[in-house]
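Quick notes on the structure that follows.
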Protein chains: 2
Amino acid sequence: MPEAAFAQTARATIGDSEFDRDTAVTRRAPGVYDTELSAGWIIINAVNGGYLLAVLGRALADALPHGDPFSVSAHYLTASRPGPAVVRTDVVRAGRSLSTGTASLFQYDDEGQEIERIRVLASYGDLDALADDVRTTAEPPSLPPMDQCFGPQDAPAPIPGSSAIADRLMLKLDPATLGWALGAPSGKGEMRSWFGLADGRDADPLSLLLAVDALPPTAFEIGLSGWVPTVELTVHVRCRPAPGPLRVSITTRNLAGGFLEEDAEVWDSADRLVAQSRQLASVRLG
Amino acid sequence: MPEAAFAQTARATIGDSEFDRDTAVTRRAPGVYDTELSAGWIIINAVNGGYLLAVLGRALADALPHGDPFSVSAHYLTASRPGPAVVRTDVVRAGRSLSTGTASLFQYDDEGQEIERIRVLASYGDLDALADDVRTTAEPPSLPPMDQCFGPQDAPAPIPGSSAIADRLMLKLDPATLGWALGAPSGKGEMRSWFGLADGRDADPLSLLLAVDALPPTAFEIGLSGWVPTVELTVHVRCRPAPGPLRVSITTRNLAGGFLEEDAEVWDSADRLVAQSRQLASVRLG
């Protein structure tokens, strides 16, 4: 098979994909990692917060004795930019089934001084060591088949929020949550989408950290536009995702005092709730 | 008025109450606070996680330039015990409208070595500086009037989970979520209650950190018993609570792999959603 044809049909794999390369970290010293933030994950004018969380999550997976993020809490301090960055980690506690650590992402100002971008506190474990019992009343989001959903490339006009990151994601949004793209936001703070990586790489716990913060913000359907910067984002990874596309739903119920919460659920192709998140974001009312 | 009669009718106030005394911290050095964990907030055999969070939250309110917790993420490391403890805080970033800091609660082992109990990462602001806009689809929990709800003191037999803390709280649980107390758990992961402090002290942002983790665990209504230790708990305080009783609802949808999430909402007497939280807890299936 000619190499070009192979490249077209081959799917990227976990460990060998754009997402893996763009979230790679190189250990400079014990617990200290160099990385390069890619311009490929920009949304509006900001480096996507889920992508940044995956970079920090990868550093912690190396620094801690356990490899899977169970619960990751991130406080966003200043806006990250594409370019070099350093992640400094610290082990808080190494337990038998769970380890806890901190991670900080730093970049550099014009004088070369470090500026902290994000501080993370996280507990890691081994998802494969969990019992496979499930008792749930949660149900996957109801989404039309993928071919009846719409991606950024289907938009008649540029969609606010689509930019570099749109080329790296497979997003197929439920038309019921796309009123904002036609100038008629529903007023309901809901967004639902099929989700994958554009190169076909399957999901893993690190890419779930991206998935919870990769849809257009619910604020668009509430009738707000512009940037909705994250103050805090906590993700719980509940299960290792099965291969295949994910379904992501995000919901906002309460906008008050210039802040809103955005709750995300991520479901895998085996109908398992694989991740839950909540973020507190600040909004500017127009 | 005789002093005894006054004591009976006087309500404790914010700043002068059992909760305030039991969460008090004394600055030993910049950012370092001594405290004494009270045995009065034990539930089953553990010091209540919400009470502990309020102690940490009070230290951060002193250490940071802003006084109100906006978003507090706590990872619980080891079980706290009544007795002396020290809180070590660190300012991560002091911004104009938000400040971020860390806090750690330490106790001592038999050799006097410090053991870390809880690590917190939190962003603080000024709730009174927020605009009073509200756009919400959230609705307060539907609860019967307080005199049709039941507290620990109404139980025909000792309720699992009631112990010292029960004397310090005004809990009036919705009978619809009390099946577990009669040996017939509903199977639904829901608990709803009126909530206050027993001495009548009104709620403030610090006591909301207690309120989100003070009800009997949803696990009881799922049919599980025993301790459900918190791994991670994040609280968002959305609004300064009005005087009067609070309503708290907690919900679990997904128990899987020995972990469950517990989402709490706290509503004030003015029908404002004043706090939201989610915790990840581990369960032992019987």
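So you know, we letter chains A, B, ... as the sequences are listed, proteins then strands, and number each from 1.
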Name the option with the most non-hydrogen atom pairs under 4.5 Å to chain B; the candidates are A/Leu130, A/Val134, A/Leu121, A/Leu280. A/Leu121
If one checks every heavy atom of A/Asn254 against chain B at 4.5 Å, the contacting part turns out to be both
Given a strict heavy-atom distance threshold of 4.5 Å, which part of A/Glu190 is in contact with chain B: side chain, backbone, both, or neither? neither
Is a side-chain donor-acceptor pair under 3.5 Å present for B/Thr218 with B/Glu262? yes
Residue among A/Leu260, A/Thr102, A/Asp132, A/Thr252 with most heavy-atom pairs under 4.5 Å to chain B: A/Leu260
What option among B/Gly257, B/Ser282, B/Cys239, B/Ala256 has the most heavy-atom pairs under 4.5 Å with chain A? B/Gly257
Which residue pairs satisfy the side chain to side chain donor-acceptor pair (under 3.5 Å) criterion with at least one member in residues 85-96 of chain A, sequence neighbours excluded? A/Arg88-A/Glu114
Identify which part of A/Thr234 has an atom lying under 4.5 Å from any heavy atom of chain B, answering side chain, backbone, both or neither. side chain
Set of residues satisfying ring pair (Phe, Tyr, Trp, His ring centres under 6.0 Å) with respect to B/Phe70, sequence neighbours excluded: A/Phe259
Honestly, the part of B/Thr78 sitting under 4.5 Å from a heavy atom of chain A is side chain
Pick from B/Glu265, B/Glu139, B/Lys188 with the largest number of heavy-atom pairs that fall under 4.5 Å of chain A: B/Glu265
Is there a side-chain contact between B/Val231 and A/His236 (heavy atoms, below 4.5 Å)? no
Donor-acceptor pair, distance only, cut-off 3.5 Å: does the side chain of A/Glu232 make one with the backbone of A/Ser73? no
Sub-4.5 Å side-chain heavy-atom contact between A/Pro229 and A/Tyr76: no
Taking B/Asp268 first and then B/Arg238, would you say they form a salt bridge - that is, a charged N and a carboxylate O separated by under 4.0 Å? no
Go through the atoms of A/Glu116 and report whether side chain, backbone, both or neither lie under 4.5 Å from a heavy atom of chain B. side chain
If I measure from the heavy atoms of chain B, does A/Ser104 come under 4.5 Å with its side chain, its backbone, both, or neither? neither
Given a strict heavy-atom distance threshold of 4.5 Å, which part of A/Leu127 is in contact with chain B: side chain, backbone, both, or neither? neither
In terms of side-chain geometry, is the basic nitrogen of B/Glu261 or A/Arg278 positioned less than 4.0 Å from the acidic oxygen of its partner? no
Between A/Tyr124 and A/Gly57 (side chain of the first, backbone of the second, donor and acceptor by atom type, cut-off under 3.5 Å), is there such a pair? yes
Can you tell which part of A/Ser277 gets under 4.5 Å to a heavy atom of chain B, answering side chain, backbone, both or neither? backbone
Under 4.5 Å to a heavy atom of chain B? For A/Ser123 that would be both
